[in-house]
Amino acid sequence: MRTPPESFLIFKAELKKAQLEKERLRKTYEEKLAEMNRELSRLKEQIGAQQELMKTTINYAIKLEEDLGNFKAEVENEKKHRKNSFH
């Protein structure tokens, strides 16, 4: 059997190197993509927690505002009752 030409052997070696490099790059890409997905999940969690905190804060502020309005109304009613009781 004949020995393959040297150029074919060089080509075959270069092709093998290219395939190994392609595989290395694929693995690197997949690792970076997985890391980005983990980071994205972490950020989504943080955003969700912050949104929940903001909702709670807004609801609390609304309740305080309502309570303040009710307190002002009570104070006004009390003032009216005091004026009425003296006359």
Side-chain angles (χ1 to χ4, degrees):
M1 179 165 215
R2 285 182 36 203
T3 308
E6 187 177 335
S7 61
F8 176 76
L9 295 175
I10 292 171
F11 173 76
K12 192 174 175 182
E14 290 299 318
L15 182 60
K16 183 66 175 172
K17 284 181 191 176
Q19 288 172 336
L20 290 173
E21 180 64 12
K22 180 181 170 184
E23 182 64 21
R24 186 190 67 77
L25 289 172
R26 185 186 63 77
K27 285 181 182 178
T28 301
Y29 170 78
E30 288 177 354
E31 287 171 4
K32 286 183 180 182
L33 187 60
E35 178 59 32
M36 288 177 70
N37 284 332
R38 283 190 294 274
E39 184 66 24
L40 184 59
S41 292
R42 203 168 22 252
L43 289 172
K44 283 181 180 179
E45 251 181 63
Q46 290 175 348
I47 289 170
Q50 288 174 352
Q51 285 178 332
E52 191 59 37
L53 181 62
M54 289 173 66
K55 284 179 189 176
T56 303
T57 303
I58 289 170
N59 288 338
Y60 183 68
I62 290 170
K63 183 185 177 303
L64 286 177
E65 192 173 34
E66 290 171 354
D67 289 349
L68 181 61
N70 292 338
F71 181 70
K72 284 181 180 179
E74 285 180 30
V75 169
E76 289 298 320
N77 284 337
E78 193 63 35
K79 284 182 183 178
K80 286 180 185 177
H81 286 310
R82 268 194 257 143
K83 285 182 183 178
N84 291 337
S85 65
F86 290 127
H87 294 278

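In this chain, residues are counted from 1 in sequence order. Remember, it's a predicted structure, so these values are computed and weren't measured experimentally.
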* Gap between atom CG of Leu33 and atom CZ of Arg26 - 0.5 Å precision -> 12.0 Å

* Rounded distance [0.5 Å steps], CD in Gln19 versus NZ in Lys16 -> 6.0 Å

* Structure fact -> Distance col, row Gln46:CD vs Gln51:CD, nearest 0.5 angstrom, shows 12.5 Å

* Atom pair NZ (Lys32) and CD (Glu39), whose distance is rounded to the nearest 0.5 Å -> 15.0 Å

* Structure fact -> Rounded to the nearest 0.5 Å, the CD atom of Glu6 sits from the CG atom of Leu9 at a distance of 7.5 Å

* Asked: Salt bridge between Glu66 and Lys63, side-chain N to carboxylate O under 4.0 Å?
  -> no

* Salt bridge flag under 4.0 Å for residues Glu45 and Arg42 -> no

* Asked: In this structure, are over 12 heavy atoms from other groups packed under 6.0 Å from Glu30 atom CD?
  -> yes

* Would a 4.5 Å heavy-atom cut-off, applied to side chains only, mark Lys44 and Leu40 as touching? -> yes

* Could you tell me whether Arg38 and Glu35 have a side-chain N and a carboxylate O separated by less than 4.0 Å? => yes

* Euclidean distance, Leu15 CG relative to Leu20 CG, rounded to 0.5 Å -> 9.5 Å

* Check the surroundings of atom CD in Glu65: do more than 12 heavy atoms from other residues, nucleotides or ligands lie under 6.0 Å from it? => no

* To do: Report yes if some heavy atom in the side chain of Tyr29 is under 4.5 Å from a heavy atom in the side chain of Leu25; otherwise report no.
  => no

